[in-house]
Structures are given as C-alpha cells and as structure tokens.
Amino acid sequence: MSELLVLRNHIDGEYTDAADGRRLEVTDPVTGEVYATSPRSGAADVDAAMAAAAAAFPVWRDATPATRQRLLLKIADAVEARAEEIAEAECRNTGKPRALTLTEEIAPIVDQIRFFAGAARLLEGRSAGEYMEGLTSIVRREPIGVCAQVAPWNYPLMMGVWKFAPALAAGNTVVLKPSDTTPASTVLLAGIIGGILEELGLPAGIFNVVCGDRETGRLMVEHPTPAMAAITGSVRAGMQVAASAAKDIKRVHLELGGKAPAAVFEDADIAAAVEGISLAGFFNAGQDCTAATRVLVHESVHDAFVSALAKAAAAIRTGGGIDDEDVLYGPLNNANQLAQVTGFIDRLPAHATVQTGGHRVGDKGFFYAPTVVSGLEQDDEIVQNEVFGPVITVQSFRDEAEAVTYANGVEYALASSVWTKDHARAMRMSKALDFGCVWINTHMILAAEMPHGGFKKSGYGKDLSAYGFEDYTRVKHVMTAL
C-alpha cells in the first residue's frame, strides 16, 4: 500500500494540522480505498482562521480595485499554468475523467476568476444627487467583512471559486471549508494563493482554508467573527446554516438542491432533446443540482422519446479510470451517495419501469450505471426528491398547463429547460416555470456573466455574474449638508 497523502489546513499563510491532532480519512471513489488524511478541525483551528481573516480585513477592505483585480488575475494565471496538477488533485478527489475535468471545469474556473477580477473594477453606487433641498446623497458599496464559506463535494474546486472569487473581488476576507470527502484540490489552491499573496505583499489571512467535517462547518457558521455565511450543499445543510446564522443575524447565501425539469413538447427536435438531456442528466454522474434528471414529455411522443433516451443512456460509459477519455462520468463521490442512489431504485413503485441501468458497475469504487426510469407519477419519491446520481426519470403530460403543473410541483426551484420549436410557447413556459434559470432547447450551460441561483428550497442568493458580486457587498447611504 502506498503512503497516504497528508493534507493540512492553510491558515494565515501556513500549512497547519488540527490543534488537537484529529484527522479524517479521504477515500478515492474510483477504488473505494483511503488515499489521504486531512485535519478534522475544531474550535481552536476555526478561531485561528477567523482571527487571521479579521486581522487581514482592514488592509484588504481598503485596497484599491486595481489591487484586488491584480490578485485575482494572478490566481487565474496560476490555475491555468498548473492546470494539469490541479486537475490531478481534483480527479483524485472525485474520480472524474481527466480530459473532461480540464475542459469542463478547470478552463471555466480560470474564466470565472477572470470575470470577477474584471468585476472588482466596476463596483459602484448611484451617482451623487440632491434628493432633498440642501443635501447631497451618495451610495457606497462596501465589503461585508469576513466570509465563512462551505463548498460541496460534487464540484469541489469550481464551487470554491464561486465562493471566494466574488468575495475577494468585493474586498472581503475568506475562511473556506471544502467537503470532508474532497479537500485535496482546495488545499493545493490555498498554497498557490498563499504564495501570490506573499509575492504581492498582502496579508496572508486574506484567504484561509480549514478542513473538517459537519461540526467544523457548524463552528465556522456560528463563530462570532464572520459577517456572512455562504454554502453550497443540501437543503438540510442549508436549513441548519440559516438557523445557526440567525443567532447573530449573519447574512446567508444558500445554493442548495435541485430537481430540474426538462419539458419536451411534441414539436421538439427529439434527437437533439435526447442528446442534450442525456448529457445534462448523466454528466458528473448526475451529481449536479441543475442536472436534467426529471424529464416531462408530451404523451404523443412519450414512447418514442423514452426508447431513444434509453438507447442513448445504454451507450454512455462510466468507470474505467480517470484517464479514459471515452468515459462521460466517473463514480459517485462516496459510499453514502452510492447507497442513496441504490435506495431510490430499490424503492421504486410497482408502476415504474427501469428502461436501462439501475445497478452498480463493478465491484470496487462507487460506479453506477446510467439509468432511465419511466412510468412514474408526480407524487413518487424519486420524482419529488433529489437523487443526485445518474438517474433520469420520465413522466408523460397532456398539455402545456399540465407540464407547468408537474414541473413546478416540487420543493426545488433552481433550474429547468423547455424543448420546443414554438417561440411563443417557449416564452410562456419561461414565465410560468418557477425556477431561477430556464434554458430553451439546451440544458446546463453556464456563463460567468449570468446569475446562477434558485427559489424555494433551492435557496437564495446568486453565484456568478454581477448579481453574485453584489451579494458580497453592503450598501451605505451617505448624506451631506451643503
């Protein structure tokens, strides 16, 4: 057995172990074997990280937009220059195919950091004006303070970037916790950023990484220092964060679960819909809160669509190792997630039909076959709850009104798509669908300039875009007597 990789926290520019020495095992999802250990940080470690971030905040708050931009551009350049090394850490974290990680994650990450570097130079309030006689008003947009941020395991590095890049661009300092199952890439990036901060003569405490479990995250959110808590995770985790933050009225930014519908109408290009939905449903093993895993199909084309989707799914490959470029997705992230996905299939009602898949792949690691389930009803568990695996469900609808009812009839409201050649119908559906994003004749396409975030139990606040940037600022009115 090879020697385990030892990961450490990065606090105030230094790699450190947990103060009490506790550690967590990190499992390679391809093999199911432990390949690393990371700190199980406790109160002392959180205290140290928060103190470092608080001490650095006055300097970073007062830094010019140009200085903030320069830091972020250097981070983006470093990620681009060390893309292979960072992808290696991310693939070990997650088991994802290497080629797709480089093109679909590392490249967008670089672009997103550069977007927020640009945004740092565009932070402005309303122009000065006299809204009462003899008085001039201006509006200042200011950083909030220290931000406690928690990233998930499905996109460890990208979701970390979505957290820290707008926060740093706005002048906040950061304490970021990666998931306990995927800390490797975040720890690597912390060292890279630490070196850049030192090079620029900036306080090391501007960016800190604390590894740990749920208890560590709770300690961060409940700590008195942060002015804001931001998390990407499950609804349950989001509710806990909101409750904890409420104790001292922290700002909260929540990007939670999803159950994205894809409504396919009778006039849609069925071949294009099958291709787009299968890719958007199975990419990253369906471990994406925007994944197209709940398909609604008009009854007149339902059977043909199901047949074509099942055929497409059966041709998709998983497994085979992270270097296999013919693999669309790797394993589920951990044993618990494999058990969750398996449980949904094991509990299917009698009226459901597994068209393809529905089983584990191989006898090691956490691989699961691309799965299509039809014959489902609106109140079925697998329709209402987030599976977060490579499972696409299909329901039939009679007309546009029923499609809207089925689509909106869940507790999640993050993303959706409409597949039709009728422009008026697409516009009606985009208005009627109660989701933070509506794609038309495509699904799961993201741009740094466009907001990502949902409604209902999918949370609140926006990632990416100028809206995500503004979430990390506060508004101050300044009035002067002339």
Side-chain angles (χ1 to χ4, degrees), residues 5-19 23-24 26 36-41 45-57 60 68 71-94 105-106 109-110 112-113 116 146-153 155-169 172-200 202-213 216-217 220 226 230 232:
L5 177 66
V6 178
L7 303 172
R8 307 175 79 191
N9 294 330
H10 198 270
I11 299 174
D12 206 18
E14 300 291 336
Y15 278 116
T16 63
D17 294 316
R23 299 195 70 78
L24 295 164
V26 184
T37 65
S38 66
R40 185 179 182 182
S41 300
D45 310 296
V46 172
D47 283 346
M50 294 300 173
F57 176 64
W60 191 236
R68 296 176 194 165
L71 171 63
L72 287 164
L73 288 175
K74 281 185 169 291
I75 293 171
D77 290 346
V79 172
E80 189 171 54
R82 298 174 66 172
E84 292 285 349
E85 179 187 2
I86 293 170
E88 169 69 25
E90 191 72 334
C91 290
R92 201 70 191 275
N93 261 340
T94 61
E105 297 190 35
I106 304 300
I109 281 169
V110 172
Q112 290 155 7
I113 297 172
F116 284 113
V146 176
C147 296
Q149 303 181 318
V150 179
W153 47 253
Y155 294 98
L157 195 60
M158 182 178 285
M159 296 300 98
V161 165
W162 287 17
K163 294 285 179 288
F164 77 73
L168 294 182
N172 303 285
T173 54
V174 167
V175 178
L176 174 66
K177 189 190 89 68
S179 168
D180 58 320
T181 68
T182 55
S185 56
T186 309
V187 169
L188 173 60
L189 185 63
I192 293 171
I193 294 176
I196 295 171
L197 289 169
E198 183 178 9
E199 174 192 340
L200 295 178
L202 293 168
I206 287 171
F207 183 78
N208 308 272
V209 167
V210 175
C211 299
D213 54 13
T216 310
M220 287 173 54
T232 296

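Residue indices begin at 1 and follow the sequence shown.
For Asp12, there are no salt bridge (Lys or Arg N to Asp or Glu O under 4.0 Å) partners at least two apart in sequence or on another chain. Every residue meeting the salt bridge (Lys or Arg N to Asp or Glu O under 4.0 Å) condition with Glu199, not counting sequence neighbours, appears here in chain and number order: Lys74. Under the side chain to side chain donor-acceptor pair (under 3.5 Å) criterion, Thr182 pairs with no residue at all, not counting sequence neighbours. Partners of Asn9 according to the side chain to side chain donor-acceptor pair (under 3.5 Å) rule, which considers only residues two or more places apart in sequence or in another chain, are Ser41. Applying the ring-ring contact (aromatic ring centres under 6.0 Å, His included) test to Phe207 and every residue at least two apart in sequence or in another chain returns Phe164. Judged as a salt bridge (Lys or Arg N to Asp or Glu O under 4.0 Å), and not counting sequence neighbours, the contacts of Glu105 are Lys96. Taking Glu198 as the reference, nothing meets the salt bridge (Lys or Arg N to Asp or Glu O under 4.0 Å) condition, with sequence neighbours excluded. Applying the ring-ring contact (aromatic ring centres under 6.0 Å, His included) rule to Trp60 yields no partners; only residues at least two apart in sequence or on another chain are considered. Residues satisfying the side chain to side chain donor-acceptor pair (under 3.5 Å) criterion with Thr181, sequence neighbours excluded, are Ser179, Asn333. In this structure, the side chain to side chain donor-acceptor pair (under 3.5 Å) partners of Arg40, at least two apart in sequence or on a different chain, are Asp213.
Sequence neighbours left out, the pairs with a member in residues 183-195 that pass side chain to side chain donor-acceptor pair (under 3.5 Å) are Glu90-Ser185, Asn93-Ser185. Listed by first and then second residue, the salt bridge (charged side-chain N to carboxylate O under 4.0 Å, His left out) pairs involving residues 175-197 amount to none (not counting sequence neighbours).
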